[in-house]
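Before any comments, here is the structure.
Quick note on labels: first sequence line is chain A, next is B, and so on, each numbered from 1. Just so you know, these numbers use all the heavy atoms, side chains as well, and skip hydrogens, waters and symmetry mates.
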Protein chains: 2
Amino acid sequence: MATATLSTKQNIRQTAEKLFRERGYAAIGMRELAKEVGIEAPSIYNHYKGKDDILREICFEIADKFFAAFEEAEKTDEKPSKKIKAVIKAHINVIAENIEASEVFFQEWMFLEEPNLSKFKKLRHEYEQLFRDVVEKGIKRGDFKKGNSKLVVFTIFSALNATYDLYKSTERLTQEEIAEEISNLLLKGLKA
Amino acid sequence: MATATLSTKQNIRQTAEKLFRERGYAAIGMRELAKEVGIEAPSIYNHYKGKDDILREICFEIADKFFAAFEEAEKTDEKPSKKIKAVIKAHINVIAENIEASEVFFQEWMFLEEPNLSKFKKLRHEYEQLFRDVVEKGIKRGDFKKGNSKLVVFTIFSALNATYDLYKSTERLTQEEIAEEISNLLLKGLKA
DNA sequence: TAAATTCGCTAACAAATGTTAGTTTATGGC
DNA sequence: GCCATAAACTAACATTTGTTAGCGAATTTA
């Protein structure tokens, strides 16, 4: 794998993702982060402006990846049920390929400081709107049941954004299995 | 309403729920909590053993409520699709009636200290198992589609446990609407 | 080789942390 | 009115927080 030799900065970043995810941004001090990396706390400042700067990098890089994946998946201009499946899978794939970071993205973003916090909220809202558009178009075309699109998108996101927990589960599920089962459940329902 | 005159302890508890939820357990100091209550930090120790004691009370009280609501809903010994709907609604109702506290329950439990942390994890697992049993029985009886029951329960929980966000949304939805729409989506799916 | 840059270090800072000690004030029962 | 209890207070504690200053060694650039 690509774990040959990480730069110190990469090391800090990766360790921060792991620790922030495991115990929360507020609970991790610079000294503990540094120790885990194998350096002293002040050395981190050679690579990042401060604690918040690390969180900022994590959150916004993942945001970029979600947007990029959505755009790519959305290109396939098919009918809504196929399209929603495609963007769901794209979303799950980003999470699967950035497990620690995406968990930080979902759980720790509120510790961003201004103006990053506002910028982040705006991005998040835009991204949700992209999903909502797909659902609403599907409802309009009659492909989807009528209903509160906000509630639907909310439910979809809730299910998707928690997929992190599945990867630490004992039961080993592949990305493909997870994406397939969840999108099927959401599209077709539990009832036989 | 019951907001006549809260005891200091109730006041601390309620304020803690609000603050822990808004900004996270680790981010709230005893001084800030006290200030919001209108007292000095050390006065809190007349009512609670410490910071962790407040979190403990919140988390375990909600846990009790989830179990009680499930038991009550499960009594109605009907077919699985009705039963799952009943326990889903019961679960959502607990959240709706304890909005702040349940969010703390879901997001901040990891800050519990031992041995409470282990006790909490065990309770949580037991509760998930109760849901899993309902789903698995439904699959066995042919009422539900075959599939990974763990994944299904996981998806259900993800959707339910995030309902908190809905109540702070601009769009005012009733408890009943939320419970109805979400359980319908999960049972019947999005597809028309 | 000289100069500049990178990146680690130690020491130290001011501020904030949870908590304890000890004291004062208010309340209710006898 | 007296006493006990509850519950607030101030002062202070040891520790931890994020961060800065400044130094030295290694590496890169010219």
Using a 4.0 Å heavy-atom cut-off across all strands, classify L33(B) as base, sugar-phosphate, or nothing.
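Nothing: the residue L33(B), judged by heavy atoms under 4.0 Å, touches no strand.
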For [X] and [N], give me the distance from atom [atom1] to atom [atom2], rounded to whole Å.
X	N	atom1	atom2	result
D53(A)	dT20(D)	CG	P	12 Å
F111(A)	dT17(D)	CZ	C1'	15 Å
Y48(A)	dT20(D)	OH	P	17 Å
K51(B)	dT20(C)	NZ	C1'	18 Å
Y45(B)	dA12(D)	OH	C1'	14 Å
I28(A)	dT17(D)	CD1	P	9 Å
M30(B)	dT19(C)	CE	P	6 Å
E32(A)	dT16(D)	CD	P	11 Å

Does the [X] side chain pair with the main chain of [Y], one donor and one acceptor, at a distance under 3.5 Å?
X	Y	value
E114(B)	S118(B)	yes
N116(A)	R56(A)	no
N98(A)	A101(A)	no

For the pair H91(B) and Y127(B), name the ring-plane relationship: parallel under 30°, tilted 30 to 60°, perpendicular over 60°.
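Because their plane-to-plane angle is under 30°, the rings of H91(B) and Y127(B) count as parallel.
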Could you walk me through whether E136(A) and K140(A) pass the side-chain contact (heavy atoms from CB on, under 4.5 Å) check?
CA-CA 6 Å; E136(A) 278 167 3; K140(A) 244 182 203 156; over 6 Å; no
For F111(B), run the ring-ring contact (aromatic ring centres under 6.0 Å, His included) check against Y25(B), F120(B), F105(B) and tell me which one passes.
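Going through Y25(B), F120(B), F105(B) one by one, the ring-ring contact (aromatic ring centres under 6.0 Å, His included) with F111(B) is satisfied by Y25(B) alone.
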In B/S/- notation, 5' to 3', how is nucleotides 4-16 of chain C contacted by protein heavy atoms closer than 4.0 Å?
---BBBBBB----
